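Read the structure below first, then the notes.
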There are 2 protein chains.
Amino acid sequence: MTVWDRPEPSARPVPLDRERIVGAAIALADEGGLEAVSLRKVAARLNAGPMRLYGYISTKEELFDLMVDEVQAEILPEEQPGDWREALRSLALRTRQAALRHQWLADLLGGRPTLGPNGLAVTEAKLAALDGLADIDTVMRAVETVSAYFTGAIRREIANLRAEHATGLSKRDWQRASGPHVTKMLDTGRFPALAKAVHDGTDVDAETSFVTGLDWVLDAVAARLTRPPA
Amino acid sequence: MTVWDRPEPSARPVPLDRERIVGAAIALADEGGLEAVSLRKVAARLNAGPMRLYGYISTKEELFDLMVDEVQAEILPEEQPGDWREALRSLALRTRQAALRHQWLADLLGGRPTLGPNGLAVTEAKLAALDGLADIDTVMRAVETVSAYFTGAIRREIANLRAEHATGLSKRDWQRASGPHVTKMLDTGRFPALAKAVHDGTDVDAETSFVTGLDWVLDAVAARLTRPPA
DNA sequence: CACGGATCAATACAGTGTATCGACATGAGA
DNA sequence: TCTCATGTCGATACACTGTATTGATCCGTG
């Protein structure tokens with residue numbers, strides 16, 4: 001092969017860093033969900049070979065961790081409100097909003113400990129909100145409980161949202177259309193309470209449902225904060 | 001290729017049904033986690049070719065759905081206790097126990113609507129527990145809230161459990177060893193509340209933490225049931 | 001006994017995460 | 001200024017994935 005056949009080597013490789021990599025991965029996930037994120041596609045988006053990424057991450061899971069941590073930054077509020085309740089509420093709502101923007105977050109939320117800088121900062125914010133209002137153990141329990149609630153609630157919301165979107169129908173029509181199956185099941189009479197709920201229940205929008213439960217949980221926390229701090 | 005070269009066709013194919021398929025898949029998942037479940041391995045475990053499965057399921061996701069529903073059967077209590085609170089508590093605890101037996105369940109919990117027969121039965125049980133104790137909408141909100149809580153809590157618990165197991169150390173040593181990283185972060189002083197929590201917090205076992213939060217949430221529900229039923 | 005339709009296995013394909021390794025550009029030393 | 005070691009990058013390779021297609025083989029029915 002003569003020089004003339006050989007192509008000129010491509011310009012110096014594009015400089016890379018984790019930020020760019022994570023950005024590309026998030027973009028892909030936003031567009032096509034988590035399953036659209038492959039190391040090859042991420043690399044391609046950065047005009048790099050797939051193996052190049054292994055200088056910055058050592059496994060795909062690590063990339064996911066970085067993605068989650070990146071999004072955690074969106075959750076941190078600009079400034080901490082004074083009231084503990086408003087602080088926790090705000091963190092929960094912002095997490096939900098982030099999950100609505102990046103629906104793939106629902107697949108990752110709670111799936112691994114969040115030890116990245118932003119993840120730690122979020123945890124710090126939660127703990128700080130309650131700092132001094134009760135003994136430490138109570139505070140930890142409170143944070144865990146609230147976090148567990150909204151993690152679970154967000155996951156369910158996104159799951160339903162996807163189910164609706166998959167069948168391509170409005171919220172209310174879902175039960176009727178998600179199934180011939182479900183309706184048939186309900187008609188068997190083996191699920192009377194559920195049938196009644198589907199039939200007579202008001203369908204509130206997801207946000208209302210989310211904050212309703214959230215406020216209940218916050219009430220429960222409030223009830224435990226009456227004890228004097230340790 | 002003559003007849004003599006050609007092997008006698010293997011005995012009549014093993015009969016198959018969804019139950020067997022799901023059983024094999026669950027066995028694989030119990031042993032090696034969700035990622036150990038591949039259609040090829042499931043089929044191999046049943047002495048069948050991979051394509052054979054597509055007569056019973058049309059996608060791998062459906063197999064996961066069947067697995068989840070199968071495990072839901074373990075959650076249904078033999079008989080419903082009289083007290084609504086005990087009923088919900090029991091469902092939550094049994095879900096947790098199921099998740100501890102089948103840790104892969106944590107990856108799937110809340111990820112999709114559960115419309116299988118057992119999933120519907122579980123939902124029915126939750127709703128039935130509260131039936132008549134408040135207007136339907138309140139009941140639905142209560143069930144959603146409790147479910148969101150324990151879904152999230154279970155997920156976090158399993159996540160931590162895996163993290164500990166991955167580093168192979170005891171609960172308490174985790175913060176110290178999960179990182180050089182975490183300790184260094186804490187030493188920066190940027191996370192005072194978190195540092196205090198790690199330092200001064202008692203480490204309660206996971207079950208205690210779970211039921212503590214659960215009882216808080218149940219208290220919150222109880223507070224809303226005082227209103228007369230609709 | 002022949003045939004039609006269903007059932008199943010084999011093959012194939014496009015894609016995955018990651019290990020290995022050879023080429024090559026870059027910086028240090030002579 | 002030339003040479004050589006170093007470490008980075010890309011190509012190749014491997015074992016594996018979910019699933020479409022296709023061709024053989026069996027069964028029940030005419």
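Sequence lines set the chain letters: A, B, ... in the order given, protein chains first and strands last, and positions in each chain run from 1. Model, not experiment: these values are computed from the prediction.
- With sequence neighbours left out, the salt bridge (Lys or Arg N to Asp or Glu O under 4.0 Å) criterion links B/Arg96 to B/Glu157, B/Glu207.
- Within the structure, the ring-ring contact (aromatic ring centres under 6.0 Å, His included) test picks out the following pairs touching residues 96-120 of chain B (sequence neighbours left out): B/His102-B/Trp104.
- At a non-hydrogen distance threshold of 4.0 Å, B/Val37, B/Ser38, B/Leu39, B/Arg40, B/Lys41 from residues 37-47 of chain B come into contact with DNA chain D.
- A straight line from CE of A/Met51 to C1' of D/dT12 spans 10 Å, rounded to a whole angstrom.
- Within the 4.5 Å cutoff, no side-chain heavy atoms of B/Val204 are placed close to those of A/Asp137.
- Considering only residues two or more places apart in sequence or on other chains, B/Arg89 meets the salt bridge (Lys or Arg N to Asp or Glu O under 4.0 Å) condition with B/Glu86, B/Asp215.
- Atom CD of B/Glu74 has more than 12 neighbouring heavy atoms from other residues, nucleotides or ligands inside a 6.0 Å radius.
- In terms of phosphate contacts, A/Tyr54 brings a side-chain nitrogen or oxygen within less than 4.0 Å of OP1 or OP2 of C/dT18.
- Each ring-ring contact (aromatic ring centres under 6.0 Å, His included) pair with one or both residues in residues 19-57 of chain B, not counting sequence neighbours, would appear here, but there are none.
- For B/Glu35 and D/dG18, the CD to P distance is 12 Å, given to the nearest whole Å.
- Within residues 56-68 of chain A, no residue places a heavy atom under 4.0 Å from DNA chain D.
- With rounding to whole Å, B/Leu34 atom CG is found 12 Å from D/dG18 atom P.
- Residue pairs meeting the ring-ring contact (aromatic ring centres under 6.0 Å, His included) criterion with at least one partner in residues 21-49 of chain A, sequence neighbours excluded, do not occur; the list is empty.
- We find that CG of A/Leu53 is positioned 13 Å from P of C/dT16, with the value rounded to whole Å.
- Taking the screw axis at each terminus of the helix from C/dC1-D/dG30 to C/dA30-D/dT1 from five consecutive base pairs, the angle between the two is 20° to within rounding of 10 degrees.
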Considering only distance and modelled atom types, tabulate donor-acceptor pairs under 3.5 Å from the side chains of residues 108-115 of chain B, sequence neighbours left out.
{"unit_1": "B/Arg112", "atom_1": "NE", "unit_2": "B/Glu61", "atom_2": "OE1", "d": "3.1"}
{"unit_1": "B/Arg112", "atom_1": "NH1", "unit_2": "B/Asp65", "atom_2": "OD1", "d": "3.3"}
{"unit_1": "B/Arg112", "atom_1": "NH1", "unit_2": "B/Asp65", "atom_2": "OD2", "d": "2.7"}
{"unit_1": "B/Arg112", "atom_1": "NH2", "unit_2": "B/Glu61", "atom_2": "OE1", "d": "2.5"}

I'd like a table of donor-acceptor pairs (distance under 3.5 Å, sequence neighbours excluded) in which one partner is a side-chain atom from residues 34-43 of chain A, with atom names and distances.
{"unit_1": "A/Ser38", "atom_1": "OG", "unit_2": "A/Arg40", "atom_2": "N", "d": "3.4"}
{"unit_1": "A/Ser38", "atom_1": "OG", "unit_2": "A/Lys41", "atom_2": "N", "d": "3.1"}
{"unit_1": "A/Lys41", "atom_1": "NZ", "unit_2": "A/Ala36", "atom_2": "O", "d": "3.2"}

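- In this structure, A/Asp187 has no salt bridge (Lys or Arg N to Asp or Glu O under 4.0 Å) partners at least two apart in sequence or on a different chain.
- Annotation: salt bridge (Lys or Arg N to Asp or Glu O under 4.0 Å) contacts of B/Arg162 (sequence neighbours excluded): B/Asp107.
- Atom CG in B/Leu28 sits roughly 11 Å away from atom P in D/dG18 (whole-Å rounding).
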